[in-house]
Colleague: 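One structure coming up, written as structure tokens, with questions to follow.
No hydrogens, no waters, no symmetry mates; every other heavy atom, side chains included, goes into these values.
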Amino acid sequence: MNATMITRRLMTNSEMKLVQQLEQNVWNMEPIPLHQTLTASQNGGLVLGAFFNEELVGFSYGFAGFNQGKAYLCSHMLGIDPGYRGKGIGASLKHEQKALAREMGYDLIVWTFDPLETRNGYLNLSKLHAICSTYVEDCYGEMDDNFNSGMPSDRFKVEWWINSSHIEKELSVNEEQAQSIFSYELTETGLPKLINSEMILQGIQDNEQPILVPVPAHFQELKSQNYELALDWRYKTREIFQTLFAKGYAVVSIVKSDDKPVHQYLLVQKHTLEV
């Protein structure tokens, strides 16, 4: 596939129309207005496309951000054609984004993702080495697209420090060094359910030891089978992450478990990271 796939910056009206078509295909919702993506791309933003045999199969859209005296690239959307997922296109777009953002003078890229969508989490944290210590409740309000319908749109806000040593090397800690303090059980239908999380949170002391937090391995499947259980995961993990972030922790990776119904986020004290 690499021989026939290219990623490049998008700047023209016709290219932005292709992005709109892909947005509708991916999320089944109204796309970003063309005048917005065009203006952003010409004023510190960055719109990238991934082409396979000259067909647009993936894109990323980011605009210039500024907060408390700090400029950064806000990477707002990344979408992959459903028929081309699992082929590394998302990672290719992010690496191209990193290279071009560096050339433009950025050292930080930020974006959000649903913490219960572990495929996105694995790319963002374990592969790209972004970090997260900010949890945003119901970030976008009620959404009715294919992935978010019926669920509070909670998000991790991640930081990708693209000039730091952190993103260039492997983590110095792993799951074997972390506390696995949160437990789950299986329902009668074999779905994972988080248990006793409120009691565990009350007993957490301030310390430096890494912590593991479980989340469903396949959240969309769980949501389709048991909506109330999916909502339970949303609210309980919201409280867990908010509590741990307030104690100085940051999420740095996802530990996959192919033989279990959960994956686990690995959290460490943020001040120990080289960012």
Colleague: Begin from the C-alpha positions of Ile240 and Leu194 and carry the test side chain to side chain contact (heavy atoms under 4.5 Å, CB included) through to its verdict.
Modeller: CA-CA 11 Å; Ile240 290 171; Leu194 197 58; 3.7 Å; yes

Colleague: To the nearest 0.5 Å, what is the distance between CG (Leu128) and CG (Leu123)?
Modeller: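 Spacing of CG (Leu128) from CG (Leu123) equals 4.5 Å.
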
Colleague: Let me see the working for Leu273 and Ile131 under side chain to side chain contact (heavy atoms under 4.5 Å, CB included), right down to the final yes or no.
Modeller: CA-CA 9 Å; Leu273 301 173; Ile131 66 171; 4.0 Å; yes

Colleague: In terms of hydrophobic clustering (I, L, V, M, F, W, Y; side-chain heavy atoms under 4.5 Å; direct or indirect links), are Val262 and Leu186 co-clustered?
Modeller: yes

Colleague: Output yes when Glu15 and Arg9 qualify as a salt bridge under the 4.0 Å nitrogen-oxygen rule, no when they do not.
Modeller: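 Arg9 and Glu15: not salt-bridged.
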
Colleague: Is there a donor-acceptor contact under 3.5 Å from the side chain of Tyr227 to the main chain of Gly150?
Modeller: yes

Colleague: With the side chain counted from C-beta on, respond yes when Trp111 and Trp160 share a heavy-atom pair under 4.5 Å apart, and no when they do not.
Modeller: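 When only atoms from C-beta onward are counted, Trp160 and Trp111 do touch, with a gap below 4.5 Å.
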
Colleague: Taking the side chain as every heavy atom from C-beta outward, state whether Ile181 and Ile211 have any atom pair closer than 4.5 Å.
Modeller: yes

Colleague: Do Ser197 side-chain atoms and Lys236 backbone N/O form a donor-acceptor pair below 3.5 Å?
Modeller: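 Pair absent, no side-chain N/O of Ser197 close to backbone of Lys236.
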
Colleague: Using a strict 4.0 Å threshold on nitrogen-to-oxygen distance, state whether Lys70 and Asp107 make a salt bridge.
Modeller: yes

Colleague: Spell out, yes or no, whether Leu78 and Met104 are grouped together once hydrophobic residues are joined by side-chain heavy atoms under 4.5 Å, including indirect joins.
Modeller: yes

Colleague: Determine whether the side chains of Asp81 and Asn25 contain a donor N or O and an acceptor N or O closer than 3.5 Å.
Modeller: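 Judged by distance alone, the side chains do pair up.
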
Colleague: Shortest non-hydrogen contact from Gly79 to Trp27?
Modeller: CA-CH2, 3.7 Å

Colleague: Does the side chain of Glu117 come under 3.5 Å of the side chain of Gln220 through a donor N or O and an acceptor N or O?
Modeller: yes

Colleague: Among side-chain atoms of Glu208 and His271, is any donor-acceptor pair under 3.5 angstrom?
Modeller: yes

Colleague: Measure the CE-CZ distance between Met151 and Arg234 for me, rounded to the nearest 0.5 Å.
Modeller: 6.5 Å

Colleague: Is there a side-chain contact between Val158 and Val110 in this structure, where contact means two heavy atoms from C-beta onward sitting under 4.5 Å apart?
Modeller: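 No, side chains not in contact.
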
Colleague: Kindly indicate whether the side chain of Thr134, heavy atoms from C-beta on, has any atom under 4.5 Å from the side chain of Phe245.
Modeller: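 No, side chains not in contact.
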
Colleague: Side chains of Gln21 and Leu18: does their closest heavy-atom pair fall under 4.5 Å?
Modeller: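 Gln21 reaches Leu18 side chain to side chain.
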
Colleague: With rounding to the nearest 0.5 Å, note down the distance linking OG in Ser224 to NE2 in His218.
Modeller: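 The distance works out to 12.0 Å.
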
Colleague: Starting at CZ of Phe113, measure out to CG of Asn124 and round the result to the nearest 0.5 Å.
Modeller: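 Reported value, rounded in 0.5 Å steps: 5.0 Å.
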
Colleague: Locate the shortest heavy-atom distance separating Leu212 from Ser180; write the atom from each residue and the value.
Modeller: CD1-CB, 4.3 Å

Colleague: Using modelled atom types only, decide if a donor and an acceptor are shared between the side chain of Arg8 and the backbone of Ala50 within a distance under 3.5 Å.
Modeller: no

Colleague: Check whether Val275 and Leu73 end up in the same hydrophobic cluster, where Ile, Leu, Val, Met, Phe, Trp and Tyr are linked by side-chain heavy atoms less than 4.5 Å apart.
Modeller: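 Per the 4.5 Å side-chain linkage, Val275 and Leu73 are not co-clustered.
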
Colleague: Assess the side chains of Ser75 and Gln97: does a donor N or O sit below 3.5 Å from an acceptor N or O?
Modeller: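 Yes - a donor-acceptor pair under 3.5 Å links their side chains.
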
Colleague: Would Gln20 and Leu34 satisfy side chain to side chain contact (heavy atoms under 4.5 Å, CB included), going step by step from the backbone distance to the final call?
Modeller: CA-CA 8 Å; Gln20 287 187 318; Leu34 186 145; 3.9 Å; yes

Colleague: Please report the shortest heavy-atom distance between Thr243 and Glu239, naming the atom on each side.
Modeller: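 Taking Thr243 first and Glu239 second, the nearest heavy atoms are OG1-O, 2.8 Å.
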
Colleague: Is the distance between the ring centroids of Tyr72 and Tyr106 under 6.0 Å?
Modeller: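 Not under 6.0 Å, so no.
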
Colleague: Is Gln177 reaching over with its side chain to a backbone N or O of Asn174, donor-acceptor style, under 3.5 angstrom?
Modeller: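 Checking the backbone N and O of Asn174 against the side chain of Gln177, a donor-acceptor pair under 3.5 Å is found.
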
Colleague: Checking Asn226 side chain against Leu229 main chain: does a donor-acceptor pair fall under 3.5 Å?
Modeller: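 Yes; at least one donor-acceptor contact below 3.5 Å.
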
Colleague: Please find the pair of heavy atoms, one from Pro115 and one from Arg155, that lie closest to each other, and give the distance.
Modeller: CD-CA, 3.9 Å

Colleague: Within a strict 4.5 Å, meaning less than it, do heavy atoms of the Asn207 and Gln269 side chains meet?
Modeller: no

Colleague: So does Gly121 get a backbone contact from the side chain of Tyr265, meaning a donor-acceptor N/O pair under 3.5 Å?
Modeller: no

Colleague: Does atom CD (Glu54) have a neighbourhood of more than 12 heavy atoms from anything else shown, all under 6.0 Å?
Modeller: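 Incorrect, the count does not exceed 12.
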
Colleague: Compare every heavy atom of His129 with every heavy atom of His166, then report the nearest pair and how far apart it is.
Modeller: CD2-O, 3.1 Å

Colleague: Report the C-alpha distance between Leu266 and Leu171 in whole Å, list the side-chain angles of each, state the deciding distance to 0.1 Å, and finish with yes or no for side chain to side chain contact (heavy atoms under 4.5 Å, CB included).
Modeller: CA-CA 11 Å; Leu266 175 64; Leu171 284 170; 4.3 Å; yes

Colleague: Quick check: is Ile109 connected to Val136 through a chain of hydrophobic side chains (ILVMFWY, heavy atoms under 4.5 Å apart)?
Modeller: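 Unlinked, Val136 and Ile109 end up in two clusters.
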
Colleague: Could you tell me the separation between the CD atom of Gln179 and the CD1 atom of Ile200, rounded to the nearest 0.5 Å?
Modeller: 11.0 Å

Colleague: So, Ser41 side chain and Gly45 main chain: donor-acceptor pair closer than 3.5 Å or not?
Modeller: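 No.
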
Colleague: So does Gln36 get a backbone contact from the side chain of Thr39, meaning a donor-acceptor N/O pair under 3.5 Å?
Modeller: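 Checking the backbone N and O of Gln36 against the side chain of Thr39, no donor-acceptor pair under 3.5 Å is found.
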
Colleague: Do the ring planes of Phe156 and Tyr135 sit parallel (below 30°), tilted (30 to 60°) or perpendicular (above 60°)?
Modeller: perpendicular

Colleague: If the test is side-chain hydrogen bond (donor to acceptor under 3.5 Å, both in side chains), which one of Asp138, Asp114, Thr112 qualifies with Ser153?
Modeller: Asp138

Colleague: Are there more than 12 heavy atoms of other residues, nucleotides or ligands under 6.0 Å from atom NZ of Lys157?
Modeller: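 Open.
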
Colleague: Do Pro152 and Arg238 have side chains that get closer than 4.5 Å, going by heavy atoms?
Modeller: yes

Colleague: Please check if the number of heavy atoms outside Glu170 that lie under 6.0 Å from its CD is greater than 12.
Modeller: no

Colleague: Quick check: do Leu93 and Ile80 have side-chain heavy atoms less than 4.5 Å from each other?
Modeller: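 Contact flag for Leu93/Ile80 side chains = yes.
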
Colleague: In terms of hydrophobic clusters joined by side-chain contacts under 4.5 Å, are Val255 and Val215 together?
Modeller: no

Colleague: Using a strict 4.0 Å threshold on nitrogen-to-oxygen distance, state whether Lys270 and Glu159 make a salt bridge.
Modeller: yes

Colleague: Could you tell me whether Glu274 and Lys169 have a side-chain N and a carboxylate O separated by less than 4.0 Å?
Modeller: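 Salt bridge present between Glu274 and Lys169.
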
Colleague: Do Gln242 and Glu137 pass the side chain to side chain donor-acceptor pair (under 3.5 Å) test, and can you show the C-alpha distance, the side-chain angles, and the key distance before you say yes or no?
Modeller: CA-CA 10 Å; Gln242 287 178 330; Glu137 289 188 24; 2.9 Å; yes

Colleague: For the backbone of Ala217 and the side chain of Thr118, can you confirm whether one donor and one acceptor N or O come within less than 3.5 Å of each other?
Modeller: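 It does hold such a pair.
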
Colleague: Using every non-hydrogen atom in the two residues, find where Pro192 and Pro261 come nearest and quote the distance to one decimal.
Modeller: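 Result for this residue pair: CG-O, 3.7 Å.
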
Colleague: Taking atom CD of Gln42 as the centre, report whether more than 12 heavy atoms of other residues, nucleotides or ligands fall under 6.0 Å from it.
Modeller: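 More than 12 heavy atoms, drawn from other residues, nucleotides or ligands, come within 6.0 Å of this atom.
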
Colleague: How many angstroms lie between atom OH of Tyr184 and atom CZ of Phe182, to the nearest 0.5 angstrom?
Modeller: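 So the gap between those two atoms works out to 15.0 Å.
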
